[in-house]
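Working notes, beginning with the structure itself.
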Number of protein chains: 2
Amino acid sequence: MKTLAKVLNVSIATISKALRDSHDIGDETKQRVIETARLLHYVPNPYASSLRKRSSNTIAIVIPEIADSFFSQAINGIESIVDQENYHALIYLTHDSYEREAKMFNDLTSGRVDGILMSVASNTKDISHIQNLQQAGIPIVFFDRVCEDVPTAKIKTDDFNSAYVATSHLLDQGCKNISLVTIEGYPSILYARKEGYKKALAERGIKYDEQHEISCSNKYTQENNIAVLKDHIAKVKPDGIIATVEHLATSTYLACEEMKLNIPQDIKVVCFTNQITAAILNPPLTTILQPAYEMGRKAAELLFWHLSGKFIQMEKENIILPSKLVVRDSTRISD
Amino acid sequence: MKTLAKVLNVSIATISKALRDSHDIGDETKQRVIETARLLHYVPNPYASSLRKRSSNTIAIVIPEIADSFFSQAINGIESIVDQENYHALIYLTHDSYEREAKMFNDLTSGRVDGILMSVASNTKDISHIQNLQQAGIPIVFFDRVCEDVPTAKIKTDDFNSAYVATSHLLDQGCKNISLVTIEGYPSILYARKEGYKKALAERGIKYDEQHEISCSNKYTQENNIAVLKDHIAKVKPDGIIATVEHLATSTYLACEEMKLNIPQDIKVVCFTNQITAAILNPPLTTILQPAYEMGRKAAELLFWHLSGKFIQMEKENIILPSKLVVRDSTRISD
DNA sequence: TTAAATTAGGTAAACGTTTAAGCAAATAAA
DNA sequence: TTTATTTGCTTAAACGTTTACCTAATTTAA
């Protein structure tokens, strides 16, 4: 294209410099260049530019799943910054599979992106793929599902505390027998939620019972999860349930309905979810609302601070944004 | 990196060809190259490759909004193909703004992507940005919110028919007075939905009344939408509502609740939405479920067929996948 | 007046691939 | 045996930018 821009008969270097507003070029020439570039619909080739500059103006967003309010809201937050910085965002879905995640990371060492924003897959144990990436000099910021063993910036919400608050709330509402519904895998956030749950129990002198913890599949086979839940409810007869991931809300409600259990009379339910429909469910669902947008935004901000050369000790950044318990009828004592 | 791969003392061309499995290279050398590439963690630089090959292995997904079940499910469908083709997906959110869309398209003429999958912003009228892109030789496939004036492939759902079916269903349930709730803008799909609605009315000899059509903002200010709805309901007193976009479901339910209107007794509601919580709402919501995943998948398939050189008359591809009316309590005659 | 500094722009190399063209040695065809 | 073909590899150009280094002309300082 620049050869075409030689209608101005100046050198190609002049064009480049003029467009990048270099001090080397006179104001008048700059204007002429910019003007004719616009006229000729010239748009620079990003790949040539990236190759030469060794930076891509692109980041990667690596998440387990996209059909999930938390993640889609987080992406909105990320995008608000990416857009402002004139960057581009590649999106990668791991579907919560370690194998896919590792494969993607291998590709990402190529320099395709300048940095990565990620929520790790729930069954990721081995972290060598992440370490390789760091060795390649590519910065990573974790959000929500962080990987504690990797020394880099992390944006979390207060999982421990919010689980504690949720459990205490259920206890306040008279529950004696609370089950914790989680998914398979090793995400540290689920561990934290479990610990918060345990602490609330302990504080009231209730013994933690492994029987009360139940793992659903994270593969989104709703029928299967409903079956598992019904089984559990029949056996343990809980009067309260804490669902630790979003898609378990629907399964839990349907399981209760099929068992003719009334929420909240027979069983009270609280769920970690950002679904906007929570308020119009039957009954309206008490939720732990996570600051998804802000978390995505903050994660992106940190990454760009780092990329812009501002010295940040990435491994020292460990930001915790508060979640909020939103009490609705699913845990309200009905009279 | 290839200079490093010269530990094998062969030429850099040999490396390149060996890795791309060219017939030029002997089997034994190929193996040696592949082996040591793996050993040295060699990953080719995508920007150099893209520059030389003049193709990027990347597509763009341009959509109005991501925190929406339809779009996030569609992305899942797209991703299933993108992944299979070893491509990469850049994501761009227009937030339903024509200005943002046009700006993005200008950037996309650069050759950053090999093709585009898009749902156009609801207030896009001028389509010159899209035409410019086509002139630059970059293929586009529309899905859901198509732009009828652009000659290229389109994946839609049967908006006309499903609105017709939904309206007829409400009429069957005894509604006499049905309002259509839409958003501002000119998306052709909303026009089709309106026409389907009108046809169902006409068939039963009911006169279409403009009063019954109401536009909410598409800027997601829920409080505002609720106010608009309450106002409308108070004035027109509809006994049935068809909400044509997902985020209006919550607004509608809340407006009815605030007005102490019982769904479905006082007013019946059906909504175009893919939200999985529809089944557990209060009451369970009758929905028009769109084949989001399949639409995304099909759109991606078409694009890749085209990219792979299979001759497709893109402008002839006009695929319509059926939506499904899922009847639940929100339109059920209660006894 | 001359030397030094500044301004405005040009030259050419480099970024890391891919690929057309070429070439020697080995093999097949005549 | 000679010629034609095939095999396996090398050379070098090209993709479209950016940028270190040069140069000539102009301005400023001494």
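Just so we're on the same page: letters track the sequence lines, and every chain starts at 1.
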Give the rounded distance in Å between these two atoms: [atom1] of [X] and [atom2] of [N].
X: I15(A); N: dT18(D); atom1: CD1; atom2: P; answer: 11 Å
X: N9(B); N: dC9(D); atom1: CG; atom2: C1'; answer: 12 Å
X: L19(B); N: dT19(C); atom1: CG; atom2: C1'; answer: 15 Å
X: K17(A); N: dT7(C); atom1: NZ; atom2: P; answer: 14 Å
X: H23(B); N: dT19(C); atom1: NE2; atom2: P; answer: 14 Å
X: N57(A); N: dC15(C); atom1: CG; atom2: P; answer: 20 Å
X: Y47(B); N: dC15(D); atom1: OH; atom2: P; answer: 21 Å
X: N45(B); N: dT17(D); atom1: CG; atom2: C1'; answer: 14 Å

Comparing R52(A) with R52(B), nearest DNA chain D nucleotide closer to 5' gives the residue R52(B)

5'-most contact on DNA chain D (nearest-nucleotide basis), T14(B) vs K53(B), goes to T14(B)

Using the side-chain hydrogen bond (donor to acceptor under 3.5 Å, both in side chains) definition, which of the options R145(B), E101(B), E99(B) pairs with T124(B)? E101(B)

So does R20(B) get a side-chain nitrogen or oxygen closer than 4.0 Å to the phosphate oxygens (OP1/OP2) of dT17(C)? no

Could you identify which residues of residues 24-35 of chain B place a heavy atom less than 4.0 Å from some atom of DNA chain D, listed by residue number, or say none? D24(B), I25(B), G26(B), T29(B)

So which heavy atom on A299(A) is nearest to which on F143(A), and how close? CB-CB, 4.1 Å

Does Y98(A) reach the main-chain N or O of K125(A) with its side chain, forming a donor-acceptor pair under 3.5 Å? no

Is a side-chain donor or acceptor of D114(A) paired with a backbone partner of I59(A) at a separation under 3.5 angstrom? no

When you look at T157(A) and Q290(A), which way does the side-chain hydrogen bond (donor to acceptor under 3.5 Å, both in side chains) test go after all the steps? CA-CA 7 Å; T157(A) 181; Q290(A) 299 178 267; 4.9 Å; no

Go through [options] for me and flag the one nearest to the [X] side chain.
X: L51(A); options: dT17(C), dT19(D), dC15(C); answer: dC15(C)
X: S11(B); options: dT11(D), dT18(C), dT17(C); answer: dT11(D)
X: S49(B); options: dA12(D), dT17(C), dG9(C); answer: dT17(C)

Using a heavy-atom cut-off of 4.0 Å across all strands, would you classify P44(B) as base, sugar-phosphate, or nothing? sugar-phosphate

With sequence neighbours left out, the residues meeting salt bridge (charged side-chain N to carboxylate O under 4.0 Å, His left out) with E79(A) are R100(B)

Should T94(A) and D96(A) be marked as a side-chain hydrogen bond (donor to acceptor under 3.5 Å, both in side chains) after you check the CA-CA gap, both sets of side-chain angles, and the distance that decides it? CA-CA 5 Å; T94(A) 61; D96(A) 248 348; 4.8 Å; no

